[in-house]
Engineer: 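Quick one: this structure, given as structure tokens, is what I'll be asking you about.
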Amino acid sequence: MMTIYQLLPRLYTNRTCQNITGGSIVDCGCGKMNDITTDVLLRIRELGITHVWYTGVLRHATKTDYSAYGIPRQNADIVKGEAGSPYAITDYYDVDPDLATSIPDRMQEWEALISRTHQCGMKVVMDFVPNHVAREYRSVCLPEGARDMDDENFYLIDGEINIGSYHERPARATGNDVFHTSPSMNDWYETVKLNYEHHDTWEKMVAILMFWASKGVDAFRCDMAEMVTTAFWTYAIGKVKAQYPQLLFIAEVYNPRLYRDYIRSGFDYLYDKVGMYDCLRDVTIHRRPARDITWQWQATDDISGHMLYFLENHDEQRIASDFFVGGAAHKALPAAMVSILLQSNPFMIYMGQELGEPGMDVEGFSGCDGRTTIFDYWTVGSLCRNYENRLTADEQKLRDSYTRLLHIATEEQSISQGRFFDLMYVNGYSESFDDTRLYAFIRKSGKDTILVVVNFADEDLPCKVNIPQHAFDYLQMEKGTYQAVDLITSEASTLSLSTDSPVETIVPARSGRVYKFAL
């Protein structure tokens, strides 16, 4: 099973601990690629991680001046935050100088980090941003034979755009499809949209993908993939995989009606945000019943292996934020259990999620919105405590819980490649099974079988779990009495599997039972 750890190097290894709202890189410091050492990577691997997504590696617009190194300086009025958005790319062929210990050697430092990640037994995911670039995009690192973007690669608009001291004529459409000269502050005003009506854009973007694939990258996370035509993806992915067949493509697609179109175009995995993420968030905060989880996996059952589950990423609010569960990150453990154990598709965890990082800092551009900034220089407190070995008891307990779950997912064959059977249809509306707060399913591979029952309630819930004849037939299980172990608590117990009498258990509050037994 694929498990992804997303991190922003700018924040992840920053240990400056001098946080100044809206501060410069001198004020607040910045994490470096060289700081992601073998020891740091092995600690990520210990969680049960198979892939690391390094977010913000490509050079993007920033207010920090690197002109002394031949890097064009950006107009501050079209940069969001002091550090700038990782998705306002200024050079597809360059590495963010913020992340380099030696700026002239930034590409070599990135290549070394790729190599270290591989040596630590994990694979590398990096961003590909195909829909838009920064307004002042200009490559200064074009490899021999490559061509830079020009006017035909953008949507030109009659008139002039004026954003503070920045003036642009002819005007160009914004990354979020504003085709007039007055984008608002809520638009992606700092970016311009690429025009895929011209095949020249296709060829230039494929060349960029090939460049990074040649560096040893194992997967591309494709930003706002649904804003780019599927015809391009069919062409580009086909070209890249012809030369690098094992390379994976992950799409950020939010419209469920488009899921199958993008899978047909060649994507290996898609974000399941509008479906499973939204559902689990609502179930966690008791806005929807647990039984609704069934409808979410059923909606994508035919493409289940292509769906990437997550509970946090850089776009979503932190679980422990005041906007989600208000500091009680453990309350989302049942959602994590469902996301990680339900199917064999990938699961993604965001840096600090495993520690209960609340994301309630006022860093600068983004303000206090329950997210960890992607626009500012900052030190994230929980990450510092983690690598200085001074986690609080609650942080350590949560990290242990995520580690246990991720190892179950990657090491238990029933989870990584087993069959799945949802038990809710025979347990719904039962007096002995609260389907508003409990969710139950079975996973099986060979003789190994795992029964999972999770509890979203704030109190322990006794329950009786019915197992229908159809489950015995579909999973080829035999009825009988078996010795089981709860993989969460390591407690041994005896389970009687029968259609005549349910499995009785008490499921701890905001946790679950993961009973493993051999048939």
Side-chain angles (χ1 to χ4, degrees), residues 6-37 40 52-76 78-114 116-117 124-129 133-141 190-191 212 215 217 221 223 314 351-352 361 363-366 371-380 383-384 387:
Q6 181 194 4
L7 65 86
L8 279 77
R10 178 204 297 165
L11 302 177
Y12 192 69
T13 53
N14 188 11
R15 306 288 179 259
T16 306
C17 297
Q18 180 177 302
N19 285 331
I20 299 173
T21 297
S24 69
I25 192 170
V26 175
D27 296 326
C28 300
C30 184
K32 306 297 180 183
M33 293 179 288
N34 283 354
D35 294 334
I36 305 176
T37 62
V40 170
V52 183
W53 168 16
Y54 296 104
T55 304
V57 171
L58 294 173
R59 179 160 68 80
H60 54 267
T62 178
K63 292 178 184 175
T64 304
D65 182 8
Y66 289 106
S67 57
Y69 298 92
I71 299 172
R73 189 171 187 177
Q74 303 292 300
N75 186 309
I78 49 170
V79 178
K80 291 181 175 178
E82 289 296 313
S85 168
Y87 297 99
I89 305 301
T90 52
D91 190 341
Y92 279 122
Y93 290 102
D94 200 1
V95 171
D96 179 12
D98 277 351
L99 308 182
T101 304
S102 169
I103 293 169
D105 300 315
R106 56 194 182 276
M107 182 64 75
Q108 290 75 21
E109 290 185 17
W110 170 231
E111 291 169 344
L113 178 55
I114 294 173
R116 279 198 304 280
T117 306
V124 173
V125 184
M126 77 175 293
D127 286 298
F128 176 58
V129 187
V133 295
R135 286 206 172 268
E136 294 187 307
Y137 181 94
R138 180 167 69 88
S139 177
V140 295
C141 292
E190 81 282 19
T191 67
W212 293 109
K215 299 291 185 184
V217 169
R221 179 268 186 188
D223 184 71
H314 66 277
M351 60 175 191
D361 295 336
E363 304 104 329
F365 180 82
S366 59
R371 299 172 178 86
T372 295
T373 183
I374 64 170
F375 305 103
D376 305 284
Y377 300 109
W378 204 253
T379 301
V380 180
L383 296 176
C384 274
Y387 288 100

Engineer: Please check this pair: side chain of Trp212 against backbone of Tyr92, looking for a donor-acceptor N/O pair closer than 3.5 Å.
Structural biologist: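 Between the backbone of Tyr92 and the side chain of Trp212 there is a qualifying donor-acceptor contact (under 3.5 Å).
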
Engineer: How would you list, by chain and number, every residue that makes a ring pair (Phe, Tyr, Trp, His ring centres under 6.0 Å) with Phe128, sequence neighbours excluded?
Structural biologist: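 Partners of Phe128 under the ring pair (Phe, Tyr, Trp, His ring centres under 6.0 Å) test: none.
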
Engineer: Please give me the minimum heavy-atom distance between Leu99 and Gly56, naming the atom from each residue.
Structural biologist: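 So the two residues come closest at CD1-O, 3.6 Å.
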
Engineer: Taking all heavy atoms of Trp378 and all of Leu11, pick out the closest pair and write down the distance.
Structural biologist: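 Closest pair (atom of Trp378, atom of Leu11, distance): O-CD2, 3.5 Å.
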
Engineer: Kindly indicate whether the side chain of Thr16, heavy atoms from C-beta on, has any atom under 4.5 Å from the side chain of Cys28.
Structural biologist: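 The answer is no; the side chains never approach within 4.5 Å.
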
Engineer: What distance do His60 atom NE2 and Tyr87 atom OH have between them, rounded to the nearest 0.5 Å?
Structural biologist: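 With rounding to 0.5 Å, NE2 (His60) is 10.0 Å from OH (Tyr87).
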
Engineer: Looking at Met351 and Leu7, what are the two nearest heavy atoms and their distance?
Structural biologist: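 Taking Met351 first and Leu7 second, the nearest heavy atoms are SD-CA, 3.8 Å.
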
Engineer: Could you tell me the separation between the OG1 atom of Thr62 and the CZ atom of Phe375, rounded to the nearest 0.5 Å?
Structural biologist: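 Reported value, rounded in 0.5 Å steps: 12.5 Å.
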
Engineer: Please check if the side chain of Lys32 supplies one atom and the backbone of Asp98 the other of a donor-acceptor pair under 3.5 Å.
Structural biologist: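 Yes; at least one donor-acceptor contact below 3.5 Å.
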
Engineer: Could you check if a side-chain atom of Arg10 sits within less than 4.5 angstrom of a side-chain atom of Pro86, using non-hydrogen atoms only?
Structural biologist: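 With C-beta onward as the side chain, the pair touches.
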
Engineer: Looking at side-chain heavy atoms only, is the closest gap between Arg106 and Tyr66 below 4.5 Å?
Structural biologist: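 Sidechains of Tyr66 and Arg106: no contact.
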
Engineer: Of all residues at least two apart in sequence or in a different chain, which pass the salt bridge (charged side-chain N to carboxylate O under 4.0 Å, His left out) check with Arg135?
Structural biologist: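 Salt bridge (charged side-chain N to carboxylate O under 4.0 Å, His left out) check on Arg135 returns Glu168.
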
Engineer: From Glu363 CD over to Asp376 CG, what is the distance, rounded to the nearest 0.5 angstrom?
Structural biologist: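 Answer rounded to 0.5 Å: 6.0 Å.
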
Engineer: Name all residues meeting the salt bridge (charged side-chain N to carboxylate O under 4.0 Å, His left out) criterion together with Arg371; count only those two or more places apart in sequence or in a different chain, and write none if there are none.
Structural biologist: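 Testing Arg371 for salt bridge (charged side-chain N to carboxylate O under 4.0 Å, His left out), a comparison that skips the adjacent residues, returns Asp369.
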
Engineer: With rounding to the nearest 0.5 angstrom, report the CZ to CG distance, Arg116 to Asn34.
Structural biologist: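 These two atoms lie 6.0 Å from each other.
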
Engineer: What's the separation between atom CD1 in Ile374 and atom CZ in Phe365, rounded to the nearest 0.5 Å?
Structural biologist: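 That separation rounds to 9.5 Å.
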
Engineer: Look at the side chain of Glu109 and the backbone N and O of Ser102, then say whether any donor-acceptor pair between them is shorter than 3.5 Å.
Structural biologist: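 Yes.
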
Engineer: Side chains of Ile71 and Pro97: closer than 4.5 Å at any heavy-atom pair?
Structural biologist: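 Ile71 vs Pro97: side chains touch.
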
Engineer: Is the backbone of Asp27 close enough, under 3.5 Å, to the side chain of Gln18 for a donor and an acceptor to pair up by distance?
Structural biologist: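 Yes; at least one donor-acceptor contact below 3.5 Å.
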
Engineer: Looking only at non-hydrogen atoms, find the nearest pair between Cys384 and Arg15 and report the distance.
Structural biologist: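 That closest heavy-atom pairing would be SG-CD, 3.7 Å.
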
Engineer: Is the gap between the ring centers of Tyr12 and Tyr54 under 6.0 Å?
Structural biologist: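 Ring centres of Tyr54 and Tyr12 not closer than 6.0 Å.
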
Engineer: For the backbone of Gly31 and the side chain of Thr13, can you confirm whether one donor and one acceptor N or O come within less than 3.5 Å of each other?
Structural biologist: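 Checking the backbone N and O of Gly31 against the side chain of Thr13, no donor-acceptor pair under 3.5 Å is found.
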
Engineer: Please tell me if the side chains of Asp127 and Val57 come closer than 4.5 Å, counting only heavy atoms from C-beta onward.
Structural biologist: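 Side chain of Asp127 against side chain of Val57, heavy atoms only: no contact under 4.5 Å found.
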
Engineer: What are the two closest non-hydrogen atoms of Ser85 and Glu190, and how far apart are they?
Structural biologist: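 Smallest interatomic distance, heavy atoms only, reads CB-OE2, 4.2 Å.
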
Engineer: Which residues pass the salt bridge (charged side-chain N to carboxylate O under 4.0 Å, His left out) test with Arg138, not counting sequence neighbours?
Structural biologist: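 Not a single residue meets the salt bridge (charged side-chain N to carboxylate O under 4.0 Å, His left out) criterion with Arg138.
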
Engineer: Considering non-hydrogen atoms only, spot the tightest contact between Val79 and Gly84 and give its length.
Structural biologist: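 Distance-wise, the nearest heavy atoms are CG1-CA, 3.7 Å.
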
Engineer: Once salt bridge (charged side-chain N to carboxylate O under 4.0 Å, His left out) is applied, what residue pairs with a partner in residues 63-73 remain, sequence neighbours excluded?
Structural biologist: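 As it turns out, the salt bridge (charged side-chain N to carboxylate O under 4.0 Å, His left out) pairs with a partner in residues 63-73, which skip direct neighbours, are Lys63-Glu82, Asp65-Arg73.
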
Engineer: List for me each residue that meets salt bridge (charged side-chain N to carboxylate O under 4.0 Å, His left out) alongside Arg59, sequence neighbours excluded, and say none if there are none.
Structural biologist: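 Only Asp91, Asp94 meet the salt bridge (charged side-chain N to carboxylate O under 4.0 Å, His left out) criterion with Arg59.
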
Engineer: How long is the gap from CD1 on Ile25 to CG on Asn14, to the nearest 0.5 Å?
Structural biologist: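 The distance works out to 8.5 Å.
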
